Number of protein chains: 2
Amino acid sequence: MAMARRMTRPSEVTRERIIKAAERLFAESGYDGTSIRAIVAKAKVNQAAINYHFEGKDGLYREVLRAAFRGLTEHQLAHAEELNSMSREEALAQFVRRQLQPLLGRDEYSRHMRIFNWETVQPTAVFRSLVAEEAAPFLGLAADLVHRFLPDADQRTLTVAAVWLLGQCSVFVRNREQLPQPPIGLVLDEPAVDWLAATIGRWVIAGLQPAGRS
Amino acid sequence: MAMARRMTRPSEVTRERIIKAAERLFAESGYDGTSIRAIVAKAKVNQAAINYHFEGKDGLYREVLRAAFRGLTEHQLAHAEELNSMSREEALAQFVRRQLQPLLGRDEYSRHMRIFNWETVQPTAVFRSLVAEEAAPFLGLAADLVHRFLPDADQRTLTVAAVWLLGQCSVFVRNREQLPQPPIGLVLDEPAVDWLAATIGRWVIAGLQPAGRS
DNA sequence: CAGGAATTCAAACGACGGTTTGAAAAATGG
DNA sequence: CCATTTTTCAAACCGTCGTTTGAATTCCTG
C-alpha cells in the first residue's frame, strides 16, 4: 500500500495543456462543437489522455467550467472593495466598464464569459449547480451597487435590478459578433467601448435615480 | 418537357409536418442537438423526406429560420402603428411588455426567440445574412421608440440605445431557466411579468428622460 | 539500479450522425 | 386507363464521435 501523496509533476503538465486547449476550444465552439480529437491535437497529447486524466469529456468540461467560474468571481470580487470607496456613480460606471471588457479582446476573461454564454440556452446540470452555489456573491455585488441607488427597495426589486443591470452590459457582449455588421454597424475599439460604458452608465444611473418607489 | 407548374398538394402536408416538428426540436435543442432521425420521428415521415424536400438538414434549418424571422417581424411590426398613437411612455411600456412575453409560455413566438438565442453564441452564415437583411425594421422600431426620448441624439447613440433597450428585456428572456432558481428565485406568472415589465419600463424611461446630451 | 506504479501511445470498437440509393407506391395529366 | 412524374420507403453507406484496450514507455521509490 504505497501512499503516493506527493504530486507527480510530469503528468500535471499534460493536464494543464489539456485544460488550456479545451478552454479555448469550448469557448470557441461550445461543448458539442468541440471534439476530443480537436482538443488533443491542439494540446499535442494522446487521445486517451483525456479519459485517463478527467474520466471522459464530461469530466474535462466540468473542470474547465469550474476554472472559468473561479476566474470570473475572482476577476469581479477582486475589485469589489475599491467600489465601496467610490461614490455610487463612480462605482457603477466602473462596474459597467468592467462588464464590457470582453468587447475588446480575446483574453481569458472573455473566454470565460463565452463559455457561460454557451450555457445560457440550455444549461448543463453541472452549470446549474455551479450557478446555484457560486454565482450568489457575484450577483450580490451587482445587487449592492443598485442598493445604493434604491435604499428603500424590497428584496425582489433589488434582485431584478441586479439582473437588469447585468443585462444592459451582456447584450453587447453576447452580440459582439453582430455589432460591427449591418444593420448596427458599431466600431469596437477602446475609445468606443469607453464611450459605450459611459453612456450606459449614465442611463442606468438616471434610471435608478428618481425611482424610490418599489 | 412537362411544365409541372401546379402545386402538388399531398406533398405539401409532409413539408409542413417536417417544418413544424423541426421548429420545435431546433428551438429545444439547437441545430447540432437535433438529429434528422428525431425530426422524422416527431413528424412521422420517412427519413429521406428531409433530403428530398429540403436538400439536407441545412436547407431545412434555413427554412425554419426564415419562418421564424417572418414570425418575429410580423409579431412586432403588426403593433407598430398602435405605438405611434400612444404617448412615448405608454408606447415604451407596451414594447417592453411584449418583449417579455416569452417568459410566460411556450407559444410560437417563444420558440422563435429561442431559435435566435441558439444563434447568438456562434451565428450561422444563414443567420448572419437574415439579420443583415431583415432585422433592420425591427431594430428601427426600437430606435424610433428611444428617438422620442432622445430627439437630439446622433445616429450612433440612437442605435446603441435601441440595442440597450432590447438587452434589458432579453436578459430575462434568455435566462428564463435560471430565474426561478437560486440565487435569484423569481416567480414567473402573469402578474409577476406585468410587474417586471412595468418596473423595467419605469427605469428605462427615467434613464432616457433627462439625458438630452449625446 | 531494480521493481512496480503511473502515464503515454497507436489502434480499434461501437454508436450515432447526415446522406445516398434504388425500388415501390402514389399522384398527375393526357 | 395508361404513361410519366412525383413522392415515399427501408436499407445501407460513410464519416465522425467518445471511449476502450493492451502494450510500451516513463516515472518514482525503496
Side-chain angles (χ1 to χ4, degrees), chain A residues 1-26 28-65 115 118 122 124-126, chain B residues 1-26 28-65 115 118 122 124-126:
Chain A
M1 52 184 81
M3 40 174 124
R5 213 170 281 168
R6 292 261 307 273
M7 282 291 184
T8 52
R9 285 278 122 236
S11 71
E12 284 294 313
V13 312
T14 63
R15 253 189 80 102
E16 282 307 312
R17 286 248 290 273
I18 291 174
I19 286 191
K20 192 173 170 183
E23 183 188 292
R24 286 167 198 273
L25 289 172
F26 282 145
E28 186 65 28
S29 314
Y31 182 84
D32 287 324
T34 302
S35 71
I36 290 257
R37 285 170 174 84
I39 297 174
V40 299
K42 194 180 185 73
K44 287 207 263 276
V45 299
N46 187 268
Q47 190 174 165
I50 287 180
N51 285 281
Y52 179 77
H53 286 282
F54 302 96
E55 300 173 10
K57 192 184 177 184
D58 280 329
L60 170 59
Y61 184 68
R62 187 185 195 87
E63 213 66 28
V64 171
L65 213 55
I115 291 178
W118 282 103
Q122 200 181 51
T124 317
V126 187
Chain B
M1 52 183 81
M3 36 175 130
R5 213 170 281 169
R6 294 262 306 274
M7 282 290 184
T8 51
R9 285 274 124 245
S11 71
E12 284 294 313
V13 313
T14 63
R15 252 189 82 99
E16 282 306 312
R17 286 248 289 273
I18 291 174
I19 286 191
K20 191 172 171 183
E23 182 187 293
R24 286 166 198 274
L25 289 173
F26 282 145
E28 185 67 29
S29 314
Y31 182 83
D32 287 325
T34 302
S35 71
I36 290 251
R37 285 170 173 84
I39 297 174
V40 299
K42 195 179 184 75
K44 289 207 263 276
V45 299
N46 187 269
Q47 192 175 161
I50 287 182
N51 285 281
Y52 180 77
H53 286 282
F54 302 95
E55 299 173 12
K57 193 185 178 185
D58 280 329
L60 169 59
Y61 183 68
R62 186 183 196 88
E63 213 66 29
V64 170
L65 214 53
I115 290 179
W118 281 104
Q122 199 180 53
T124 317
V126 187

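On a predicted model such as this, the values are computed, not experimentally measured, just so you know. A note on names: the letters A, B, ... follow the listed sequences, proteins ahead of strands, and every chain is numbered from 1.
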For nucleotides 14-17 of chain C, print each protein N/O atom paired with a nucleotide N/O atom at under 3.5 Å, atom names and distance only.
unit_1, atom_1, unit_2, atom_2, d
C:dG17, N7, B:Arg37, NH1, 3.4

Any residue meeting side-chain hydrogen bond (donor to acceptor under 3.5 Å, both in side chains) with B:Asp32, in chain and number order, not counting sequence neighbours: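 If we apply the side-chain hydrogen bond (donor to acceptor under 3.5 Å, both in side chains) test to B:Asp32, skipping adjacent residues, there are no hits.
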
Members of residues 41-51 of chain B that approach DNA chain C, where some heavy atom sits under 4.0 Å away: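 Hits under 4.0 Å, by residue number: B:Gln47, B:Ala48, B:Asn51.
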
Solution key, residues 35-55 of chain A side-chain donor-acceptor pairs under 3.5 Å, sequence neighbours excluded:
unit_1, atom_1, unit_2, atom_2, d
A:Ser35, OG, A:Ala38, N, 3.0
A:Asn46, OD1, A:Ala48, N, 2.9
A:His53, NE2, A:Thr14, OG1, 3.4

Value in whole Å for how far the [atom2] atom of [N] lies from [atom1] of [X]:
{"X": "B:Glu55", "N": "C:dT21", "atom1": "CD", "atom2": "P", "value": "14 Å"}
{"X": "B:Phe54", "N": "C:dG18", "atom1": "CZ", "atom2": "C1'", "value": "16 Å"}
{"X": "A:Tyr52", "N": "D:dT25", "atom1": "OH", "atom2": "P", "value": "17 Å"}
{"X": "A:Arg17", "N": "C:dT8", "atom1": "CZ", "atom2": "C1'", "value": "12 Å"}
{"X": "B:Ile18", "N": "D:dT7", "atom1": "CD1", "atom2": "C1'", "value": "11 Å"}
{"X": "A:Asp58", "N": "D:dT19", "atom1": "CG", "atom2": "P", "value": "7 Å"}

OP1 or OP2 of C:dT7 under 4.0 Å from side-chain N/O of A:Thr14: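 It does not, given that no N or O in the side chain of A:Thr14 lies less than 4.0 Å from OP1 or OP2 of C:dT7.
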
Side-chain N or O of A:His53 closer than 4.0 Å to phosphate OP1/OP2 of C:dT8: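 It does, given that an N or O in the side chain of A:His53 lies less than 4.0 Å from OP1 or OP2 of C:dT8.
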
By side chain to side chain contact (heavy atoms under 4.5 Å, CB included) - contacts of B:Gln122 (at least two apart):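 B:Gln122 satisfies side chain to side chain contact (heavy atoms under 4.5 Å, CB included) with A:Glu28, A:Ser29, A:Arg114, A:Trp118 once adjacent residues are dropped.
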
Nearest-0.5 Å distance that lies between atom [atom1] in [X] and atom [atom2] in [Y]:
{"X": "A:Lys20", "Y": "A:Leu25", "atom1": "NZ", "atom2": "CG", "answer": "12.5 Å"}
{"X": "A:Thr34", "Y": "A:Arg24", "atom1": "OG1", "atom2": "CZ", "answer": "13.5 Å"}
{"X": "A:Arg62", "Y": "A:Leu65", "atom1": "CZ", "atom2": "CG", "answer": "9.0 Å"}

Set of salt bridge (Lys or Arg N to Asp or Glu O under 4.0 Å) partners for A:Arg15, sequence neighbours left out: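 Once residues adjacent in sequence are excluded, the partners of A:Arg15 under the salt bridge (Lys or Arg N to Asp or Glu O under 4.0 Å) criterion are A:Glu63.
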
Test side-chain contact (heavy atoms from CB on, under 4.5 Å) applied to B:Tyr31 and B:Asp58, step by step: CA-CA 9 Å; B:Tyr31 182 83; B:Asp58 280 329; 2.6 Å; yes

Validation row: A:Tyr61, A:Ile115 side chains within 4.5 angstrom (heavy atoms):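 In short, these two side chains touch, coming nearer than 4.5 Å.
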
